[in-house]
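Worksheet: the structure to be examined is printed underneath.
Throughout, a chain's letter reflects where its sequence line sits, starting with A, and its residues are numbered from 1.
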Amino acid sequence: MEEIRLKKLQELREKGINPYPYRFEISDFIGNIRKQYEEEPPENYKVKVSGIAKRVSRTENGFMVRIADENGVEILVFTREENLKPKERYTFEGLLKRVEGKLSVVDAVLTDEPGEDIKKIKDQFDYDPNFRPISLAGRLVSMRTMGKAIFGHIQDLTGKIQIYLKKDIVGEDKLKFFNDNIDVGDIIGVRGKLFRTNTGELTIEVEEFELLSKSLHPLPEKWHGLKDVEVRYRQRYLDLIANPEVRRIFMLRTKLIMEMRKFFEMHGFIEVETPILQPIASGANAKPFVTYHNFLETELYLRIAPELYLKRLIVGGFPRVYEIGKNFRNEGVDRTHNPEFTMVEFYAAYWDYFDLMKFTEDMFVYLLEKTLGTLKVKYGEWKLDFTPPFRKVKYFDILKEKTGKDKDFFLKDVEGLRKLAKELDIPDVDKMTHAKLLDKVFERVAEEELIQPTFIIDFPKLLSPLAKTHREDPDLVERFELFVARYEVANAYTELNDPIDQRERFEEQLKEKQMGDEEAMEMDEDFIRALEYGMPPTGGEGIGIDRLVMILANTDSIREVILFPQLKPEKKGLNRSSTAR
RNA sequence: GAGCCGGUAGCUCAGUAGGUAGAGCAACGGCCUUUUAAGCCGUGGGUCGCGGGUUCGAGUCCCGCCCGGCUCACCA
């Protein structure tokens with residue numbers, strides 16, 4: 001197939017046409033144009049439509065029926081009704097919604113009552129473009145040639161629009177050129193006038209067109225899209241071309257990060273950048289990637305967290321800072337873990353963890369309203385409710401409630417805890433340190449409580465080497481984690497700013513490390529020196545952006561929210577490039 | 001790292017007992033000036049993930065490997 005396209009490429013060049021020209025003037029993106037002529041129907045807008053079924057096709061959960069009234073005006077109907085046949089007359093009642101831009105009747109059921117005029121329904125929400133001149137470009141994703149006319153759709157990130165070429169307007173030569181030389185998959189630019197077809201679809205009546213880039217590969221199938229998960233991740237560009245849902249998820253991700261920046265700006269935070277290559281990988285419990293700098297002749301680590309640098313900036317007098325960026329952890333890969341992942345970390349001088357909780361609630365409300373427009377989010381089987389205040393539960397209160405044992409037991413009776421862990425079927429308990437045991441037991445017993453947005457507060461000190469000792473209990477620190485749908489979405493504390501205490505905590509970590517905990521934290525002498533100059537009381541927090549997007553996008557795989565997730569290098573077997581020699 | 005499942009045409013998928021590898025879409029050649037999963041007539045297209053074995057004969061059975069998905073372990 002590629003050979004045929006390469007031949008076409010050759011033919012174009014022989015005709016003196018550059019298949020890869022330099023620029024094209026567009027008047028707007030496709031989606032923006034459509035928005036100008038298409039209004040969203042209100043919620044729960046009920047309609048009855050009646051007409052001849054022109055086509056009945058099966059969808060994932062039911063059928064899609066195209067019906068047309070006496071004047072040929074068409075509307076799509078999504079229904080679960082069985083045994084519908086083409087050419088039969090039906091009347092459906094259902095809700096008017098836009099599905100991929102087209103007005104459609106969804107959740108439709110058959111009815112005996114008379115239908116309304118389809119054109120009248122559509123005219124309320126689809127406006128007449130009055131042959132407005134326009135210039136658009138995009139990838140040709142479908143084509144229907146009809147002898148002396150051609151229909152097709154071009155697509156960009158923002159949407160899809162129909163193009164219509166007819167002999168009377170573009171002329172016989174141009175029409176033939178389109179037929180012979182333009183393929184589905186090519187990127188083209190068109191100039192013409194906007195109108196609506198008999199069936200009511202917004203369409204460009206093309207006067208002139210240009211090939212903007214020749215495609216040498218056929219596109220994935222138009223109806224089923226690209227399903228092969230491996231190809232979707234390795235060739236994400238194809239996934240983005242073929243699957244509108246995937247485009248939607250990444251637009252959502254972009255929007256979320258954009259709004260997050262706005263929110264920080266609104267609250268006096270400034271965005272900073274700290275090193276990704278670090279001589280000491282500290283600030284979190286994780287195994288780092290190691291690399292080597294030839295000129296400096298030194299080993300460096302890809303950061304596991306920006307925390308210690310951001311706090312140096314607080315020492316340096318920046319009162320509110322945030323950084324959105326990648327962290328790297330050399331650990332397992334699964335549906336919730338990618339070796340590089342995106343976090344936002346932020347620090348505010350003079351705040352404590354209560355301020356952070358309030359700020360977090362406000363931020364989530366803002367982000368949800370800006371992205372999804374609701375505080376009630378469907379995630380799998382769950383309905384998550386982000387209406388503040390979020391539930392707040394003390395770490396040891398949950399343990400007490402679930403196990404009947406109190407704080408002293410968990411902090412002092414290590415062997416008793418080990419026994420409890422065994423009873424809970426936690427694997428490999430014999431090798432675990434005290435901190436690890438506690439962490440695992442908590443995870444196991446608290447699981448059920450962590451579906452709705454919940455702050456777990458007041459963590460044990462031995463799990464939190466960078467958090468400030470609790471003002472009322474020396475065994476605890478002022479720390480919270482925000483859980484949503486069982487994912488740890490945020491982790492925050494009143495920052496430890498006592499340099500002597502901080503040194504002792506690092507030393508504890510070094511002991512853990514010697515006892516075999518590979519993920520225990522590294523000592524950072526310069527960080528302690530910074531604290532010795534004086535860091536104001538500070539609240540600091542990290543939010544996992546990938547996980548947050550997973551929740552908003554209702555997906556259970558992190559690879560669905562990362563454009564290019566990490567996979568093993570492909571060896572052979574997948575389709576090779578056709579221009580390779 | 002362990003267990004289970006998968007890899008067949010460009011894409012989505014069938015492939016029955018081991019007997020010359022199939023469909024739809026896409027492609028190619030025709031017809032068709034408001035089509036829209038367009039339609040109609042015709043044609044071509046395969047390293048069955050890779051390598052070995054059993055067999056007269058392997059997409060199919062056996063062994064090893066590669067890649068992916070899910071579950072578990074580690075981690076956020």
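- Rounded to whole Å, atom C1' of B:A76 lies 8 Å from atom CD1 of A:I558.
- Using Watson-Crick or G-U wobble geometry with both donor-acceptor distances under 3.5 Å, B:C28 finds its partner in B:G42.
- Across A:R329 and A:A284, no two heavy atoms sit closer than the pair NH2-CB, 3.5 Å.
- Ring orientation note: the planes of A:F131 and A:F195 are close to parallel, at an angle under 30° on the 30°/60° scale.
- Under the Watson-Crick and G-U wobble criteria, each requiring two contacts below 3.5 Å, nucleotide B:G1 is paired to B:C72.
- Closest approach to the A:A149 side chain among B:U71, B:A27, B:U33 is made by B:U33 (side chain taken as heavy atoms from C-beta onward).
- A close approach under 4.0 Å does occur between a side-chain nitrogen or oxygen of A:R234 and OP1 or OP2 of B:G68.
- Within the cation-pi definition used here (under 6.0 Å to the ring centroid, within 45° of the axis), A:R479 qualifies as a partner of A:F459.
- Using a 4.0 Å heavy-atom cutoff across all strands shown, A:D546 reaches no nucleic acid atom at all.
- The nucleotide B:G6 finds its pairing partner in B:C67, both defining distances of the Watson-Crick or G-U wobble pair being shorter than 3.5 Å.
- A:Y233 comes within contact range of the sugar-phosphate backbone alone, with a heavy-atom separation under 4.0 Å but no base atom that close.
- Each of B:C28, B:G69, B:C70 was ranked by its minimum atom distance to the side chain of A:L567; first place goes to B:G69.
- Distance CZ (A:R5) to C1' (B:A27): 8 Å, rounded to an integer number of Å.
- Residue A:D168 is classed as a base contact, given a heavy-atom separation below 4.0 Å to a base.
- The ring of A:F359 has its center closer than 6.0 angstrom to the ring center of A:F346.
- Judged by distance alone, with hydrogens and angles left aside, A:E201 brings no side-chain donor or acceptor close enough to the base of B:U34 to form a pair under 3.5 Å.
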Hey, mind stepping through A:R144 and A:Q162 against side chain to side chain donor-acceptor pair (under 3.5 Å) and telling me if it holds? CA-CA 11 Å; A:R144 300 173 286 283; A:Q162 182 164 260; 2.9 Å; yes
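- Using Watson-Crick or G-U wobble geometry with both donor-acceptor distances under 3.5 Å, B:C48 finds no partner in any strand shown.
- Stacking between A:F341 and B:A76 is present: the aromatic ring centre lies within less than 5.5 angstrom of the base six-membered ring centre, and the two planes differ by under 30 degrees.
- Residues passing the salt bridge (charged side-chain N to carboxylate O under 4.0 Å, His left out) test with A:R418 are A:E415, sequence neighbours excluded.
- Here A:R144 does not reach the OP1 or OP2 of B:U35: none of its side-chain N or O atoms lies under 4.0 Å away.
- Other residues, nucleotides and ligands contribute over 12 non-hydrogen atoms within 6.0 Å of the CD atom of A:E88.
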Using a cutoff of under 3.5 Å, can you pull out all pairs of nitrogen or oxygen atoms linking the protein to nucleotides 22-25 of chain B, with atom names and distances?
from	atom 1	to	atom 2	distance (Å)
B:C25	O2'	A:E221	OE2	3.4

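- Among the nucleotides B:G69, B:C67, B:U12, the one closest to the side chain of A:D228 is B:U12.
- In this structure, A:K174 satisfies the cation-pi test against A:F209, with its NZ or CZ atom closer than 6.0 Å to the six-membered ring centre and inside 45 degrees of the ring normal.
- Atoms NZ (A:K193) and P (B:U34) sit 20 Å apart, rounded to a whole Å.
- Checking B:A27, B:C74, B:C32 against the side-chain heavy atoms of A:E331 singles out B:C74 as nearest.
- Using a 4.0 Å cut-off, some side-chain N or O of A:R559 falls inside it from OP1 or OP2 of B:G69.
- Rounded to the nearest Å, the gap between the P atom of B:U71 and that of B:A58 is 38 Å.
- Atom pair A:E100:CD and B:A37:C1' shows a separation of 12 Å (rounding to whole Å applied).
- When each of B:C67, B:A76, B:U35 is scored by its nearest atom to the side-chain atoms of A:T203, the top-ranked nucleotide is B:U35.
- Among the nucleotides B:U34, B:G68, B:U33, the one closest to any side-chain atom of A:T197 is B:U34.
- Side-chain nitrogen and oxygen atoms of A:K440 include at least one within less than 4.0 Å of the OP1 or OP2 phosphate oxygen of B:C74.
- The base of B:A37 lies close enough to the side chain of A:S57 for a donor and an acceptor atom to sit less than 3.5 Å apart.
- Here the nucleotide nearest the side chain of A:M432, chosen from B:A76, B:C74, B:A38, is B:C74.
- Between A:R66 and the phosphate of B:A37, there is a side-chain N or O to OP1/OP2 separation shorter than 4.0 Å.
- Taking the six-membered ring for Trp and thresholds of 30 and 60 degrees, A:F364 and A:F390 have ring planes more than 60 degrees apart, a perpendicular arrangement.
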